[in-house]
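Read the structure below first, then the notes.
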Amino acid sequence: MEIAVIDYKGGNVQSVMFALERLGCQPTLTADPEVIRRADKVIFPGEGEAASAMRELRAQGLDKVLPTLPQPFLGVCLGMQLLGTHSEENDATMLGILPFEVKRFPKLPEYKVPHMGWNTLQRLRSPLFAGLGAEDYVYFVHSYYAPVGDYTIAEAEYPTPFSAAVQHKNFYAVQFHTEKSGPVGTRILENFLQL
Amino acid sequence: MLTKRIIPCLDVKDGRTVKGVRFEGLRDAGDPVALASRYAREGADELVFLDITATNQKRATLVALVRDVARELDIPFTVGGGIGTVADVEALLMNGADKVSINSAALHRPELIDELARRFGSQCIVVAADARFHEPEGWQIYTRAGTHNTGRDAVQWCREAAERGAGEILLTSMSNDGTKDGFALDITGAVSRAVSVPVVASGGAGSKQHFTEVFQTAHADAGLAASIFHFGEIGIRELKEHLRQDGIPVRL
């Protein structure tokens with residue numbers, strides 16, 4: 001199976017590569033539209049800041065390529081947020097593959113920002129989460145979130161519910177770090193590879 | 001519900017784990033990758049690697065270690081110890097570190113925190129602060145592995161670090177470190193109230209109850225310890241079961 005991991009200088013992509021290698025895959029780290037189009041699966045990792053990530057995607061022409069991809073696609077963390085229309089993080093205009101607007105967590109006593117650590121998933125509704133339940137934890141680290149909507153396929157709470165995962169057609173995305181979520185995260189990656 | 005995190009800390013030198021680690025059934029306790037994997041399997045939520053290498057090869061050996069750890073480990077880890085430049089941080093993050101902690105370099109030039117947060121995002125920049133209690137000044141910040149008193153107030157420095165873009169504060173009480181008498185609840189609580197980012201408490205853990213206290217009384221977001229885990233005095237799973245019985249949310 002050809003797996004393309006999109007390389008747009010968006011931070012720690014190495015962990016995603018290693019996680020796929022642990023599953024016996026040989027992913028290709030690439031920004032080449034032809035390699036990406038040809039792949040059986042596409043993974044869109046991301047860390048860092050939305051506006052500069054979008055600048056990098058535009059500079060490489062990937063903002064035009066990604067929305068046209070037909071194969072199973074998995075955005076991770078910032079790679080999920082970038083699929084929305086707009087982010088409060090430096091007023092970024094994003095890919096618009098999904099209709100959500102990304103907001104910053106409000107300042108509340110007892111709720112530190114970033115939302116950092118292990119949290120459970122609720123209302124799972126996707127084959128991406130086959131075999132998982134309410135007692136399974138995944139690792140989050142983010143200061144911005146996508147609200148719950150029709151596109152939400154899993155929720156988490158901090159303290160109000162937000163989108164832990166979203167989907168539109170072949171575009172799947174998770175806010176947490178599958179590659180850093182222990183055996184639970186590994187299961188989710190395996191589920192994605194079987195889509 | 002977001003859980004409180006338990007974080008074993010591993011000291012490494014020249015790519016090897018130091019401080020006599022005694023682990024039954026672990027063939028090479030000096031191998032950081034083997035030790036890290038073992039902690040991950042036992043239920044550690046994150047790991048911290050503190051590099052105390054003082055040679056010219058420091059950067060290369062640390063990058064190699066990070067790569068080896070990231071290849072194996074499926075939980076997040078932070079790397080710290082003598083990291084001072086944007087290039088250092090970039091090399092560690094690009095090779096698989098999830099977070100990088102800076103300490104003396106941030107005190108020497110606080111703008112470094114802003115630069116790192118802008119470049120890489122706050123989520124991966126940890127400011128490690130070493131504090132010691134003095135009469136009558138109160139808690140003050142030390143640098144250079146705890147040898148030099150900056151005269152800076154601990155709460156003020158942590159607040160400044162968070163405002164400049166640190167995504168997490170790793171607060172070590174040097175007054176408590178090694179005592180096994182418990183975490184410094186007063187300064188941990190004061191810092192936790194003063195900043196809006198997560199606070200990791202370090203220094204003084206000697207019992208399971210100490211973790212309950214640091215979460216319940218001082219509102220720490222995570223508790224870090226080294227020797228009690230390395231010497232098998234407290235197992236991570238039994239610690240988490242204890243915390244759950246005390247009503248503290250943990251990942252089990």
Side-chain angles (χ1 to χ4, degrees), chain A residues 9-19 21-23 46-50 52-53 77-78 89-90 105-120 122 134-144 156-159 176-187 189, chain B residues 1-7 40-41 43-47 63 66-77 90 92-100 117-126 162 165-169 192-193 195-200 219-222 240 249-252:
Chain A
K9 300 177 179 63
N12 185 355
V13 295
Q14 200 56 57
S15 297
V16 171
M17 297 292 286
F18 286 146
E21 288 169 14
R22 284 196 294 272
L23 288 172
E47 259 183 30
E49 188 271 314
S52 46
C77 197
L78 183 63
E89 190 174 21
N90 295 322
F105 280 116
K107 277 193 177 164
L108 298 170
E110 302 285 311
Y111 289 91
K112 301 296 184 70
V113 179
H115 170 231
M116 185 186 285
W118 298 80
N119 204 334
T120 44
Q122 281 95 38
E135 289 296 306
D136 289 313
Y137 291 87
V138 291
Y139 187 82
F140 290 88
V141 48
H142 58 127
S143 300
Y144 295 81
E157 292 175 357
Y158 194 65
F176 50 88
H177 286 274
T178 41
E179 75 283 10
K180 287 286 169 177
S181 293
V184 173
T186 304
R187 177 71 197 260
L189 269 182
Chain B
M1 175 170 212
L2 183 67
T3 55
K4 300 290 188 182
R5 289 171 280 151
I6 300 298
I7 308 178
R41 281 198 302 279
D45 295 307
E46 286 183 36
L47 295 173
V63 165
V66 161
R67 223 178 151 74
D68 289 345
V69 170
R71 202 184 298 279
E72 289 296 321
L73 200 66
D74 59 5
I75 63 169
F77 68 99
E90 180 166 34
L92 296 168
L93 292 176
M94 290 306 154
N95 281 283
D98 298 285
K99 298 185 255 185
V100 172
R118 254 199 316 275
R119 177 82 178 266
F120 305 109
S122 289
Q123 82 288 338
C124 61
I125 304 303
V126 180
E168 186 170 66
I169 303 292
S192 191
R193 280 191 301 278
V195 301
S196 59
V197 300
V199 174
V200 182
H219 304 288
D221 299 282
K240 286 182 146 187
V250 288
R251 177 181 68 117
L252 265 171

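Only this structure's heavy atoms are used, side chains among them; waters, hydrogens and symmetry mates stay out.
The pair A:R22-B:D74 does not count as a salt bridge, with every side-chain nitrogen at least 4.0 angstrom from each carboxylate oxygen.
Nearest heavy-atom pair across A:Y137 and B:T3 is CE2-CG2, 3.3 Å. Scanning both residues, B:S196 and A:K107, for their nearest heavy atoms gives OG-CE, 4.4 Å. In this structure, A:P114 and B:G167 approach most closely via the heavy-atom pair CD-O, 3.5 Å.
Put simply, the side chain of A:N119 gets close to the backbone of B:M1: a donor and an acceptor are under 3.5 Å apart.
Only the backbone of B:N95 has a heavy atom closer than 4.5 Å to any heavy atom of chain A. Proximity to chain A (any heavy atom under 4.5 Å) is shown, for B:A40, by neither the backbone nor the side chain. At a 4.5 Å heavy-atom cutoff, the contact between A:H115 and chain B is made by side-chain atoms alone. When heavy atoms are compared at a cutoff of 4.5 Å, B:S192 approaches chain A by way of both its backbone and its side chain. In this structure, the portions of B:R71 lying under 4.5 Å from any heavy atom of chain A include both its backbone and its side chain. Only the backbone of A:E179 comes within contact range of chain B, with at least one heavy atom under 4.5 Å from a heavy atom of that chain. With a 4.5 angstrom heavy-atom cutoff, A:T186 touches chain B only via side-chain atoms. Heavy-atom distances place no part of B:A117 under 4.5 Å from chain A, backbone and side chain included. A:P109 does not touch chain B: none of its heavy atoms, backbone or side chain, sits under 4.5 Å away.
Chain A forms the most heavy-atom pairs under 4.5 Å with one residue out of B:R119, B:E90, B:R67, B:K99, and that residue is B:R67. Of the listed residues B:P198, B:C124, B:A222, the one with more heavy-atom pairs under 4.5 angstrom with chain A than any other is B:P198. In terms of non-hydrogen atom pairs under 4.5 Å with chain B, the most contact-rich of A:E157, A:M116, A:Q122 is A:M116. Ranked by heavy-atom pairs under 4.5 Å with chain A, the list B:K4, B:R193, B:E72 is led by B:E72. By number of non-hydrogen pairs under 4.5 angstrom with chain B, the leading residue of A:T120, A:V113, A:V141, A:T178 is A:V113.
Here the side chains of B:H219 and A:E110 are in contact, with some heavy-atom distance below 4.5 Å. Residues B:P76 and A:W118 meet the side-chain proximity criterion, which asks for heavy atoms closer than 4.5 Å.
The distance from atom OH of A:Y139 to atom CZ of B:R251, rounded to the nearest 0.5 Å, is 10.5 Å. Note that OH of A:Y111 is 12.0 Å distant from CG of B:D221, once rounded to the nearest 0.5 Å. Between A:K112 atom NZ and B:L2 atom CG the span is 11.0 Å, to the nearest 0.5 Å.
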